[in-house]
Enquirer: 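Below you'll find the structure I mean.
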Amino acid sequence: MTDERPHGGIRLGLCCQFIDAPVRFRQATHRHVASLAPEQGRAYLASIARANAIALAHAVEVCSALGIGAFRIPSQLLPLATHPVSGYRLAELPGGHVIIASFQAAGRVAAARDVRLSFHPDQFVVLNSEREPVVTAAVRELDAMAEIAELVGAQALTVHAGSAAGGVPAALERLEHGLDRLGRGARALVALENDDRLFSVSDLLPLCERLRVPLVYDAHHHRCHPDGLSVAHATALAAATWGDREPWAHLSSPRDGWGSANPRPHADYIDPADIPDAWLDRRMTVDVEAKAKERAVLATGQAVRERRAAAAACGRGAAG
DNA sequence: GCATGTCAAGTTGTG
DNA sequence: CACAACTTGACATGC
């Protein structure tokens, strides 16, 4: 059979940053913005947004050139956009419409090069917090992210289930209510990821299936926080939650090895042994969460090709 | 200049 | 009960 992808069905993705390629996203702190006169503050934020739109287009081009088929956009793409004081909407910034056009242009590059984009908001976004203001802020953040996701054509907003206070069942019920509060855009793009301490694949699957929220399967988290499902089974069940869309998964290796006291921190590279066999013939996107960034993605691609070649030689000769 | 500390945000688990 | 982990550049401060 013919397969256009270099690593079988697997599309490998890079997370947020480059180590070699000169692509850098800018950030901002509220403290600094607040020290400026309002007009200067907005000009400063606009310059960062403009720079980050261009950086995103560059990031996509570099990924494409390297054969990397997905890119996780830094959650600080628009720094402070949802901050209670410094917050802003793109259209209100000086030159805002040019910046918007710039993000749309980056999205067209991604579409043309077939680089899949996603967001992964950081730990402050807790849709199922017991504290109302936290949930409000989480909804606000995800709605804002959905807006920019729409501009650039990003296909997923991946979040963890959040707090486990009160026990997993109660926490999942709160999560369901939190999901209900998302705007249409965010609700259509949100996906849930199993984490390494609190919510396993089997904890999340029923909710994902019932609410039609895709499950991003993180194999490293699953191995840190197992639930009785095999990696192969979890892969298949999670993939089914994506329906017609290409399933998304995350992969990393433990920095200090699986035998260490704490296997959670990520290593520079993916240990080829950590690439699940069950993934080798699947059509799926795999974000490589490794400190060596694009070097690690390229090395993982090489490892996947070798594993596939070995499997083919060992199995049915030169079958595809 | 250069090294070092701080920065919007939450939750959990350790010391 | 306080604080580190999660994680990262940019800015401010102090030498």
Side-chain angles (χ1 to χ4, degrees), chain A residues 14-37 40-41 43-52 55-56 59 72-88 119-145 157-168 170-172 174-175 178 192-200 203 218 220-221 224-225 250 252-256 260-268 287-294 296:
Chain A
L14 172 70
C15 297
C16 305
Q17 298 182 327
F18 295 81
I19 186 170
D20 294 317
V23 177
R24 298 289 179 267
F25 290 88
R26 294 180 58 195
Q27 299 183 14
T29 61
H30 166 63
R31 174 198 277 254
H32 178 62
V33 172
S35 77
L36 304 172
Q40 274 72 36
Y44 175 74
L45 291 166
S47 75
I48 291 178
R50 197 161 50 236
N52 284 355
L56 179 59
R72 180 185 300 173
I73 300 172
S75 54
Q76 296 300 315
L77 184 70
L78 296 177
L80 302 172
T82 60
H83 187 278
V85 176
S86 295
Y88 56 90
F119 283 91
H120 195 21
D122 35 26
Q123 66 267 36
F124 310 111
V125 173
V126 183
L127 266 180
N128 72 345
S129 172
E130 292 184 301
R131 298 158 56 202
E132 169 56 28
V134 174
V135 179
T136 304
V139 169
R140 178 173 150 87
E141 182 70 30
L142 286 167
D143 284 345
M145 220 170 243
L157 308 180
T158 306
V159 296
H160 291 291
S163 163
V168 166
L172 289 174
R174 290 199 304 274
L175 176 60
L192 288 168
E193 176 188 350
N194 61 301
D195 65 65
D196 54 8
R197 291 169 182 265
L198 305 171
F199 296 91
S200 65
D203 288 332
D218 188 310
H220 184 214
H221 290 166
C224 289
H225 183 53
H250 295 172
S252 41
S253 285
R255 182 188 63 199
D256 305 317
S260 69
N262 179 9
R264 289 189 297 271
H266 294 173
D268 290 348
D287 283 350
V288 173
E289 298 180 331
K291 305 276 185 199
K293 297 298 165 187
E294 75 270 31

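Computed from a predicted model, the values in this text were never measured in an experiment. Letters A, B, ... are given to chains in the order of the sequence lines, protein chains preceding strands, and every chain is numbered from 1.
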Enquirer: Applying a 4.0 Å non-hydrogen cut-off, can you work out what A:Ala164 is touching in the nucleic acid: base, sugar-phosphate, or nothing?
Expert: sugar-phosphate
Enquirer: Are A:Thr158 and A:Arg72 close enough that some pair of their side-chain heavy atoms sits under 4.5 Å apart?
Expert: no
Enquirer: Is A:His32 close enough to B:dC7 that one of its side-chain N or O atoms is under 4.0 Å from OP1 or OP2 there?
Expert: no
Enquirer: When you measure from the side chain of A:Asp256 to the backbone of A:Ala261, do you find a donor-acceptor pair of N or O atoms at a distance under 3.5 Å?
Expert: no
Enquirer: Can you tell me, in whole Å, how much space there is between the P of C:dT8 and that of B:dC2?
Expert: 25 Å
Enquirer: Just call it for A:Arg197: base, sugar-phosphate, or nothing, with non-hydrogen atoms closer than 4.0 Å on any strand.
Expert: sugar-phosphate
Enquirer: Expressed as a whole number of Å, how far does the P atom of C:dT7 sit from that of B:dA3?
Expert: 26 Å
Enquirer: Across the strands shown, which category fits A:Leu80 at heavy-atom distances under 4.0 angstrom: base, sugar-phosphate, nothing?
Expert: base
Enquirer: Measuring only the P atom in each nucleotide, how far is C:dC6 from B:dA8? A whole number of Å is fine.
Expert: 22 Å
Enquirer: Let me see the working for A:His30 and A:Val85 under side-chain contact (heavy atoms from CB on, under 4.5 Å), right down to the final yes or no.
Expert: CA-CA 8 Å; A:His30 166 63; A:Val85 176; 3.9 Å; yes
Enquirer: For C:dA10, take OP1 and OP2 only and decide whether either is under 4.0 Å from a side-chain N or O of A:Tyr44.
Expert: no
Enquirer: Between A:Ile48 and A:Cys16, which has a closest nucleotide on DNA chain C that is more 5'?
Expert: A:Cys16
Enquirer: Show, in sequence, the C-alpha distance, side-chain angles and deciding distance for A:Leu142 and A:Phe119, and conclude whether the side-chain contact (heavy atoms from CB on, under 4.5 Å) test is met.
Expert: CA-CA 10 Å; A:Leu142 286 167; A:Phe119 283 91; over 6 Å; no
Enquirer: So do A:Cys15 and A:His250 actually touch side chain to side chain, heavy atoms under 4.5 Å?
Expert: no
Enquirer: Measure the distance from CD on A:Gln17 to P on C:dG9 and round it to the nearest whole Å.
Expert: 6 Å
Enquirer: Does A:Arg131 make a side-chain N or O approach to OP1 or OP2 of B:dT11 shorter than 4.0 Å?
Expert: yes
Enquirer: Checking A:His160 against A:His120 for the side-chain contact (heavy atoms from CB on, under 4.5 Å) test, could you report, in this order, the C-alpha distance in whole Å, the side-chain angles of both residues, the deciding distance, and whether it holds?
Expert: CA-CA 9 Å; A:His160 291 291; A:His120 195 21; 3.9 Å; yes
Enquirer: Just to be sure I understand: a Watson-Crick pair is purine N1 to pyrimidine N3 plus N6-O4 or O6-N4, both under 3.5 Å. Using that and G-U wobbles, which stems of three or more pairs involve DNA chain B?
Expert: B:1-7 with C:9-15, B:10-15 with C:1-6
Enquirer: For A:Thr29, answer base if it contacts any base atom (sugar-phosphate contacts may also be present), sugar-phosphate if it contacts only those atoms, and nothing otherwise; contact means non-hydrogen atoms under 4.0 Å.
Expert: base
Enquirer: Using the C1' atom in both, what is the distance from C:dA4 to B:dT6, to the nearest Å?
Expert: 16 Å
Enquirer: Looking at every strand, decide which applies to A:Ala165 at a 4.0 Å heavy-atom threshold: base, sugar-phosphate, or nothing.
Expert: sugar-phosphate
Enquirer: Hey, does A:Thr82 reach any base, or is it just sugar-phosphate, or nothing, if we go heavy atoms under 4.0 Å?
Expert: base
Enquirer: Classify the side-chain pair A:Glu193/A:His221 by whether it contains a donor and acceptor separated by less than 3.5 Å.
Expert: yes
